[in-house]
Structures are given as structure tokens and as C-alpha cells.
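Below, read A as the first sequence line, B as the second, and so on, with proteins coming before strands; counting in each chain starts at 1.
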There are 2 protein chains.
Amino acid sequence: MGLSSLRVEDTVGQGTLAAVAEPKYWHLRTVLLRTMDTEFSTGQVLPNERELSARFGVARATLRQALDQLELEGRLVRRRGIGTLVAAPRVGIPVGGRQSGRAAAAHAAQEWKVVDCTTGPATAALARTLGLAEGDQVHTVRRLRTVQGVAVAAESLHVPSAALPHLAVVVDGGDRARGVLRQLERLGVDGESRSVELGVAEAAEAALLERPPGTPVLVVTTQYAAAGRLAAVAVSTYRADTCKLTFGESGAAVQVASAVPVSAAAVS
Amino acid sequence: MGLSSLRVEDTVGQGTLAAVAEPKYWHLRTVLLRTMDTEFSTGQVLPNERELSARFGVARATLRQALDQLELEGRLVRRRGIGTLVAAPRVGIPVGGRQSGRAAAAHAAQEWKVVDCTTGPATAALARTLGLAEGDQVHTVRRLRTVQGVAVAAESLHVPSAALPHLAVVVDGGDRARGVLRQLERLGVDGESRSVELGVAEAAEAALLERPPGTPVLVVTTQYAAAGRLAAVAVSTYRADTCKLTFGESGAAVQVASAVPVSAAAVS
DNA sequence: TAGTGGTCTAGACCACATT
DNA sequence: ATGTGGTCTAGACCACTAA
């Protein structure tokens, strides 16, 4: 019957008791999820919001609350002026593996594209994480990571200028970025330490990622150590809607049908 | 002046032109963020929503949209019947490092608490990721990870029963969990491969995490390899509001003031 | 009992993309 | 011009916590 004309009340009491009084939007999400899995395929557009809210007998705001959840799970993509589409499964994005230094560098050069490079005093927060005094000069390289043409992450790489004594100061923005990256590579990175947390994209990153401000992102903070000291910090924001970050020793892992992810929901 | 009686219109045009027409809720988020950073401290309760919406001259729904963003960023905690509190910085949670097998096992035993253990046929999705046929028997151990008394993650560890031939079938739930974990340890895990993505907690996990359904979580999927074959898959859901997942070689990393995280916003 | 956040409604208007 | 999702309003009632 698909997205039928059922009202929410009709589907809420599978048994005789409504029991715990599940919120409407949550129940709606479940119904939509089941419908999408069984009767829709990737890229297909759902009926519009006014239509859906009418069919389920709820206000549009309530329906939107359900769609918000599904979008957060990466199951939906909403495009203004177009409609609501069933999303493709998330792409697995390798994040810093255990590749050898050379391979990693070549890899990075391929996938990351420098946006700009600035040098200025460290903010208080940045100074803390880099172990500097507030106001110390820091090079910041902004880069964009694209996979098959689509932007998946924006990164700010912060390097204390004190760590790169051989960098000519006179070079301009475009060349300076290359200089910073080259010198950092020459330092020889001993180890990397990463953290992942949830965040939202500010205006600047959002623009680079071609998403509206407030878009949920996975914030990956990487600390690069060289010669026992913290040489650089990179803050990368990955689009949470389309990205699944993958870690692991390259090749050592057993790859079995990684294309179809097991969601926590599907398993339980 | 703090959370003054300013209306949103009064703070929108710092220059002469409102320019890009930023949504009210987004601007509101920025104002609240600045206010929290400068005039509030961890654990402090903000004025209630009706009060705040009146002060800023917006509808309560609009204010709530701004609070939703801040909550997603882990800056706010909202408690029904209590109020809205300024959240503590996220806790760094070590996720599978490069500790030696013995240390890791001891560590796991300490922090993870078994909830229950079931055995049954694999769902289609699970069978795919484990490389089994649909319906093959799989042991599932549900565990809860707590840090200093608070639940931070719920996990489902799936092990094909074919991989544990020496497991007595007669043992009941509580003992079976121990048996599965012990046998898995004996197998000797060669490597681990992980992925991290954004998800929402279903009813079951939400209850374990002491959060309402729909709570955003970081879903960590770990594939355990033994003797070149995929021996087990663990799906762990970490509370995104309070957790920052940390990866890395234990001790190798340079630890500088990790207590105060650098948000993407603060740096840029 | 009073106060809080959570849910829900029925509208309105706007920004954007297509035709 | 039309149709889409995005924003915003002004209310209402509910569920929970505390005094």
C-alpha cells in the first residue's frame, strides 16, 4: 500500500494498547523508514511535505520533524525547490591509515586541494592545543578534500611558524601553502593522534562543503608529532550526511561487502 | 549586558547592510554562543525558553531551533522539568588503540558491562557484513560502556557461532556471554578495522544510554579479523553529545591541554 | 502546585529551481 | 508561474521535576 492514506492513529496501535505513547514524529520516522526500504530506491523523490503530512494526518511541522531525523541518519537528502530524495548509502572515506609516509603524502596531494593559506597570531583556543603562547605566529592552510568530484571535507591545518624556520617569508599565499606543506613533510612526522566528534558547519566551511550553515559534520582533529614535539594540528570537518570515516591498517582488514553498511537499527 | 532585552533585529546589522539575510535562528545561535562563552560557566542554567524567546523577540519555536543547534554541538544539555544547562566539554573516549592484546582485554573487561547475550539467525544486513548466509546462527552480546559511572556507549558484538566450535550450547544467557567473549579472545585477533558515522539511537540503545529515542550517536563499526578471516563485528553507539572519540597509539601522542578541545568554530 | 522542556497544530511568507 | 523545501509565528497541551 506504500505511502497510503493511513492516518498515524491507524498505525500506532499494532497491539491493543498504545502503551508508552511514542511521539508521532518518531512513529512517523519508523513508518517512512520501512516504506523507503521496501518501496523506494536511491535517488527517488518522495511525495512533497504538504502531501505527506496530509496523508498521515499530521501537521507539516510534525512531518518535518520525522524527516529531520531521517536526514540526520543520512537516509534522506532534501533539496530546496526540488524535493526530498532517498539518499545513497554513505561513502567510506579513509582517514589517516597506517600507510607509509611516502604513499600517504602522494595520496594527500591527490585528494586535497589547497584553498588558501594565511599567517597570523594564534587565537587563545588554538594556542592551547598547539602548546604556544597566545598571539604566536601560526601558518594556516585551508584545504578541501574531494572524492570523485564532490567535496566531502574542509580542513584547517595549523603549523606554528617557529616549527618551520626555513620558510621564506616573502612568498605569497599560493606558494606559501606549498612551502608549508613541503617543509612539514620534511620534518618527518613520527606519529598522529586523532579524535572524532560531532559538530556543525559554520558559514565558511559550509560554503566549501556546498551545504547550508548548521550542517552536521564529523570533526576530526589530528595532532602531528615530529621529534617528540607537537608539530601541527589539523581540524577537518567531514560532511556527516554522506561520509562514513574509515580507520585501519590498509589491507590488513577483511573486506566483506563494505558497500552495504550495517546500521545499528538494522542489526538490533 | 548579557542576555539582554535586545531584539534580534537590533543585533543583525553590525554594518549598515543586513547583507545575506542570515536566518534568525542561526544568528540567535551565534549570540547565545558568544554569551555562553563569556558570561556563563559549565552547569549553569540558562533562562527558560519562554523567557529567552521573549527577550529576543522571536517565537519559542525559533529559539528552540537555535538551542537544537547548540545541543547538537554538545554545548547545551536540556532536561525536561529542570531547564537548559551549559554543558561540560566533551570527554575524550579511547576507542580501540594500538594497545597490546592483554592490556586491551583487561581494559575492556573493566569498562564494558554485559547486558545480555542471545543467539539466533542473522538478519540479511548482518549476514552480509559477516560474510554469512542469511539465517546462519550468530551470537550477539550486548554490552554497555561506562566511564566514571555514566553510560557513554552501547554495543552489539556479533560472532558467528561457526567461529566458536567449542562453545557449550547448554549454558544460559549470563554465562554464555562470558563464554563467547572468552572464546573470541582465545581465537586471537589479528587486526581491527573501524568506521565511524553519524546515527540516531533507537529505543533499545536510547534506554541503555539514558537518553530519548532519536538522540544523535556516533556509530563505530569494528571488524575483528582472526587468522585472515572476519571473526566478529561490533556495532557501538556512542553518545554524540558527551563523547569525543580518540584514536591513536597509546602514549606516542603528544598530549597538550587535551581537556579544552578546539572546535572548528573557535579556530576559524 | 508551579515551572520546565517536549510535542503538536494551522497557518503564513520566503528562497530557490523548474517549466 | 508553479511547486518545492526553509523559516517563522502564536498559540495549545502534555510529561516531567521540584518544592
Problem - Those residues of residues 206-215 of chain A lying under 4.0 Å from DNA chain C by at least one heavy atom - result: none

Exercise for the section: Scan B/L76, B/T84, B/L46 and name whichever one has a side chain to side chain contact (heavy atoms under 4.5 Å, CB included) with B/L70. Expected result: B/L76

Practice task
Report yes or no: does A/R90 contribute a side-chain atom to a donor-acceptor pair with the main-chain N or O of A/D241 at less than 3.5 Å?
Solution key: yes

Handout entry: Short N-O contact, A/R29 and A/E73, less than 4.0 angstrom
Key = yes

Problem - Under 3.5 Å donor-acceptor pair, B/R50 side-chain atoms to C/dG3 base atoms - result: no

Handout entry: Any N/O donor-acceptor pair, A/R79 side-chain to D/dG6 base, under 3.5 Å
Key = no

Practice task
Please check the phosphate of C/dG3 (OP1 and OP2 only) for any side-chain N or O of B/N48 closer than 4.0 Å.
Solution key: no

Problem - N/O (side chain, A/R78) to phosphate O (OP1/OP2, D/dT4) under 4.0 Å - result: no

Practice task
Determine: side-chain N/O of B/T84 to OP1/OP2 of C/dG5, distance under 4.0 Å, yes or no.
Solution key: yes

Problem - Contact under 4.0 Å: B/Y25 side-chain N or O vs D/dC8 OP1/OP2 - result: no

Handout entry: A/T62 side chain near C/dT9 phosphate (N/O to OP1/OP2, under 4.0 Å)
Key = yes

Practice task
Determine whether any donor atom in the side chain of A/R60 lies under 3.5 Å from an acceptor atom in the base of D/dG6, or the reverse, and answer yes or no.
Solution key: yes

Exercise for the section: Round to the nearest Å and state the distance from B/L63 atom CG to D/dA10 atom C1'. Expected result: 14 Å

